[in-house]
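See structure below.
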Amino acid sequence: MYDEGHFKREMRKASVIVVSENVAPQPHEYLNIDASRLGQFADVDHVSIQCPLFSLQIQPNEDTLLWSVLDALVPAPWAQAFVSSMLTAAHGANFLHLRIERDWLEHCRTWPNQGDGIVRDNCMNNSDTMDTVLPSFGFKTDVPLLVETYWDDVNPQSVEMQAVTRLIDQGYQVRKAEDIFHRGTELDR
């Protein structure tokens with residue numbers, strides 16, 4: 001999905017060398033690695049990352065590295081045409097990736113309580129209050145709001161879905177992203 005060559009070139013500019021999966025050590029060879037202490041493998045400093053936002057313990061002085069990684073993630077050439085067509089279809093819209101499916105809600109019930117003393121309070125950030133959060137960030141009601149989630153697994157009675165309904169009641173043009181790219185119909189309440 002991402003342009004690996006571009007990613008490697010950009011990471012090299014940030015003094016990070018990216019190796020292919022078949023050369024990298026296996027994940028079980030790492031112990032509590034974070035960005036402030038690189039691990040050693042074959043006398044080479046490195047870090048293994050599955051999900052950077054959950055696996056890295058970013059320190060305030062490491063935000064430049066994080067932004068370098070995020071900026072280096074661009075679509076692969078074969079995916080760029082698809083991305084461009086989606087952006088053209090959604091011209092001028094705001095996007096909201098909303099994880100409110102039943103599996104995610106269940107995950108978030110157990111996520112904070114791992115028993116290891118680590119504070120995990122970031123699972124449902126504002127999902128149930130987005131009707132007050134979006135206006136506070138200046139999201140306009142006259143701009144379509146494309147909401148992406150797996151709608152077949154959303155409980156229509158959930159607090160999070162009620163927040164989507166309140167957005168509609170406030171005049172937001174809430175649309176399912178899947179419909180914009182196919183039919184362009186508004187989200188039913």
Side-chain angles (χ1 to χ4, degrees), residues 1-11 49-56 58 63-112 120-189:
M1 185 65 165
Y2 294 104
D3 186 331
E4 184 178 349
H6 176 79
F7 183 76
K8 287 179 177 180
R9 286 188 300 278
E10 292 301 306
M11 289 292 82
I49 301 172
Q50 290 182 1
C51 176
L53 299 179
F54 294 131
S55 298
L56 290 179
I58 300 296
D63 61 341
T64 302
L65 174 61
L66 177 63
W67 285 111
S68 295
V69 170
L70 294 175
D71 289 342
L73 293 171
V74 298
W78 61 265
Q80 186 58 53
F82 176 72
V83 170
S84 296
S85 69
M86 289 192 316
L87 291 174
T88 299
H91 178 72
N94 290 313
F95 290 86
L96 176 61
H97 179 224
L98 185 61
R99 282 290 272 139
I100 58 173
E101 302 93 334
R102 288 177 179 92
D103 72 315
W104 186 252
L105 298 179
E106 179 59 32
H107 166 74
C108 288
R109 276 191 278 283
T110 61
W111 175 245
R120 293 178 175 93
D121 59 358
N122 62 341
C123 204
M124 291 299 296
N125 288 343
N126 300 315
S127 296
D128 57 345
T129 59
M130 74 186 102
D131 56 306
T132 59
V133 172
L134 291 183
S136 75
F137 282 103
F139 280 71
K140 307 280 188 234
T141 58
D142 60 344
V143 176
L145 177 62
L146 307 184
V147 180
E148 181 59 46
T149 195
Y150 181 62
W151 294 103
D152 292 344
D153 194 36
V154 172
N155 176 353
Q157 305 308 315
S158 70
V159 173
E160 294 77 19
M161 189 59 203
Q162 292 170 20
V164 174
T165 300
R166 290 191 300 272
L167 282 171
I168 295 168
D169 291 343
Q170 290 176 23
Y172 281 90
Q173 301 173 37
V174 177
R175 304 187 190 284
K176 292 181 183 178
E178 64 191 38
D179 290 342
I180 287 291
F181 302 122
H182 300 291
R183 295 183 304 279
T185 60
E186 285 196 47
L187 177 67
D188 295 325
R189 283 196 281 155

For Asp71, which residues count as a salt bridge (charged side-chain N to carboxylate O under 4.0 Å, His left out) partner, sequence neighbours excluded? none
In Å and rounded to the nearest 0.5 Å, what is the CG to CZ distance from Asp131 to Arg166? 4.0 Å
Minimum heavy-atom distance Ala163-Ser127, with the two atoms named: CB-O, 3.9 Å
The reported gap from CG in Leu134 to CG in Asn94 (rounded to nearest 0.5 angstrom) is 8.5 Å
Should we say atom CD of Glu4 is surrounded by more than 12 heavy atoms from elsewhere, each under 6.0 Å from it? no
Of the options Ile168, Val174, Asp169, which is the one that meets Tyr172 in a side chain to side chain contact (heavy atoms under 4.5 Å, CB included)? Val174
Distance from Thr141 atom OG1 to Gln170 atom CD, nearest 0.5 Å? 9.0 Å
Answer yes or no: is there a side-chain heavy-atom contact under 4.5 Å between Glu10 and Val74? no
As an exercise, state the distance from CD of Glu148 to CZ of Arg175, rounded to the nearest 0.5 Å. 15.0 Å
For Glu101 and Thr149, test the side chains for any donor-to-acceptor distance below 3.5 angstrom and give the result as yes or no. yes
Side chains of Leu105 and Asn155: closer than 4.5 Å at any heavy-atom pair? no
If I compare all heavy atoms of Met124 with all of Arg99, which pair ends up nearest, and what's the gap? CE-O, 4.0 Å
Taking ring-ring contact (aromatic ring centres under 6.0 Å, His included) as the definition, give me every residue that meets it alongside His107, ordered by chain and number, with sequence neighbours left out. Trp104, Trp111
Between atom CG of Asp103 and atom OH of Tyr150, what is the distance when rounded to the nearest 0.5 Å? 10.0 Å
Where do His6 and Ala72 come nearest, in terms of heavy atoms and distance? CD2-O, 3.3 Å
When you compare the side chain of Leu98 with that of Met130, does any pair of heavy atoms fall below 4.5 Å? yes
Of the non-hydrogen atoms in Met161 and Val154, which two are nearest, and what is the gap between them? SD-CG1, 4.1 Å
How long is the span from the CH2 atom in Trp151 to the CD1 atom in Ile100, to the nearest 0.5 Å? 5.0 Å
Is there a side-chain contact between Val143 and Gln173 in this structure, where contact means two heavy atoms from C-beta onward sitting under 4.5 Å apart? no
Residues Arg102 and Glu106 bridged, charged N to O under 4.0 Å: no
Distance-only, no hydrogens or angles: does the Thr129 side chain make a donor-acceptor pair with backbone N or O of Thr132 under 3.5 Å? no
Whether the side chain of Ser84 engages the backbone of Ala81 through a donor-acceptor N/O pair (distance < 3.5 Å, no angle test) should be reported. no
